[in-house]
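In what follows, a single structure is set out as structure tokens and then discussed.
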Amino acid sequence: FHVSKGLVRLCISALLPCHLSACFWYALGIAAYHAGGDCWLDNLPAEQKLTLPAPDQHIHGQVASEMYQVCVYFVLTTMTTVGYGDLGPRNVNERLFAMGLLVQC
């Protein structure tokens, strides 16, 4: 029982902030994308950009899974300070969020 308590604590303390940060990163990107601004979604391959939802639609299915993977990748890359290369912040809000992630770790 003691091991499972520790595992639950690890999940809450490590995975939950990662999940919430990934969701917020997506929200920042999609808001800027729909506003016509420069954002991290501009770095996506063309075939992935074609699957982004319209402003009045919700993301779902395989598109949601792929976007979640991209967002978690960004968050983990930022939190472990490995570096980017393929994905990174492109506007003020995205840079502030990335800086917050770095400070958090």
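Positions are given from 1 along the sequence.
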Test item: Pro89 and Trp25 side chains (from C-beta on) under 4.5 Å apart, heavy atoms: yes
How far does CG of Leu28 sit from OG of Ser21, to the nearest 0.5 angstrom? 10.5 Å
Hey, is the main chain of Trp40 close enough, under 3.5 Å, to the side chain of Glu94 for a donor-acceptor pair? yes
Side chain to side chain, Leu76 and Cys18, heavy atoms closer than 4.5 Å: yes
Identify which one of Thr78, Thr77, Val72 satisfies the side chain to side chain contact (heavy atoms under 4.5 Å, CB included) criterion when paired with Phe74. Thr78
Between the side chain of His34 and the main-chain N/O of Pro53, is any donor-acceptor distance below 3.5 Å? yes
Looking at every heavy atom in both Gly37 and Asp42, which two are closest together, and how far apart are they? O-OD2, 3.9 Å
Side-chain contact, heavy-atom cut-off 4.5 Å: Leu52 with Met67? yes
Return the minimal non-hydrogen interatomic distance between Ala32 and Cys39, and the atom names on each side. CB-CB, 3.6 Å
Is a donor on one side and an acceptor on the other found under 3.5 Å between the side chain of Asp38 and the backbone of Asn91? no
If hydrophobic clusters are built from ILVMFWY residues whose side chains come within less than 4.5 Å, do Leu20 and Val75 share one? no
Parallel, tilted or perpendicular: which describes the rings of Phe24 and Phe97, with under 30° parallel and over 60° perpendicular? tilted
As an exercise, state the distance from NE2 of His19 to SG of Cys71, rounded to the nearest 0.5 Å. 11.0 Å
